[in-house]
Amino acid sequence: MRINKYIASSGVASRRKADELIKAGKVKVNGAVLDEPGYDVLAGDVVFVEGKKISLSEKKIYIALNKPTGFVTTASDDQGRPTVLDLLTDIEERVFPVGRLDYNTSGLLILTNDGDFSQLISHPGKGVGKTYRAKVQGIISREKLARLRRGVDIGGFVTSRAQAEIYKELPKHTVVDITIYEGKNRQVRKMFKAIGNPVLELERIAIGEVKLGRLARGSYRKLTAKEIESLKV
Ligand code: URA
């Protein structure tokens, strides 16, 4: 098995991330730093990633977490802020978050040890929509809603088609449900800023068919087999 697939299957990282780790010299095979990205792992090879021995884990696990604000989605944080992994108190497998949510964003985050699955749902344009409920400043006119749907320039990048509906109108704020099919850094915040309505609160309420539902902040559950299948588009 090719080394990047081997690393992804072991649950350490996505295949793309595995390529980066190899490039950065963080992968050793049988004691030597690997300098061949296309290396095929042989039976008996001992593979280390960032100093830790890895092996193919049989059991794949898929978790839906309701991320509270105030947590980072990286495995460690140089500012010492709490990470989403701190919330998983009884999970033995080494899982990682699929994609990112900002420190100040709450809501649905999927964590898994299945690198290929992770890549599948993180990949832009593959059809898995991510739905956010955004409380924004001011009023969203029909024209603005149409702009969000058509695509807005968020600084050198025009967003592709999105779905957007008003969820609630308040005297000074509007709550909008928006589904996007790509994942530029801080994309939803940038889209609303671009139309003049900065985001005040942001929560992810669905990834494809998987809904956040009534899962309490900071708690998690396993995805059902049906949910897992539904994401493999
Ligand atoms: N878009 C954002 O702006 N922030 C997130 O956390 C996710 C999507």
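As the structure lists them, so they are numbered: ligands from 1, and atoms in each ligand from 1.
- In terms of N/O distances under 3.5 Å, ligand 1 is approached by Thr105.
- Residue Leu200 comes nearest to Val136 through the heavy atom pair CD1-C, 4.1 Å, listed as atom of the first residue, atom of the second, then distance.
- For the pair Arg133 and Tyr167, the cation-pi criterion (under 6.0 Å, within 45° of the ring axis) is fulfilled.
- Gly138 and Thr174 get closest at one heavy-atom pair: O-OG1, 2.6 Å.
- Polar contact check, Lys190 against ligand 1: no nitrogen or oxygen pair lies under 3.5 Å apart.
- Aromatic ring centres of Phe71 and Tyr103 lie farther apart than the 6.0 Å criterion allows.
- Among protein heavy atoms, the minimum distance from atom 1 (N) of ligand 1 is reached at Val188 N, 3.2 Å.
- Side-chain contact, Asp114 with Tyr62: a donor N or O sits under 3.5 Å from an acceptor N or O.
- Under the side-chain hydrogen bond (donor to acceptor under 3.5 Å, both in side chains) test applied with Thr105, the options Arg189, Arg186, Arg204, Arg100 reduce to a single match, Arg189.
- For ligand 1 and Asp102, the ligand atoms under 4.0 Å from any heavy atom of the residue are 2 (C), 3 (O), 4 (N), 5 (C), 6 (O).
- For ligand 1, none of its N or O atoms has an N or O atom of Tyr132 under 3.5 Å away.
- Residue contacts with ligand 1: Leu202 is placed with no nitrogen or oxygen under 3.5 Å of a nitrogen or oxygen of the ligand (distance criterion only).
- Contact of the Tyr132 side chain with the Leu108 side chain is not registered, since no non-hydrogen atoms from C-beta on lie closer than 4.5 Å.
- When each atom of ligand 1 is checked for a heavy atom of Arg186 under 4.0 Å away, the hits are 1 (N), 2 (C), 3 (O).
- Contact annotation for Gln187 and ligand 1: only backbone heavy atoms (N, CA, C, O) come within less than 4.0 Å of the ligand.
- With ligand atoms numbered from 1 in the order given, ligand 1 contributes 6 (O) to contacts under 4.0 Å with heavy atoms of Leu101.
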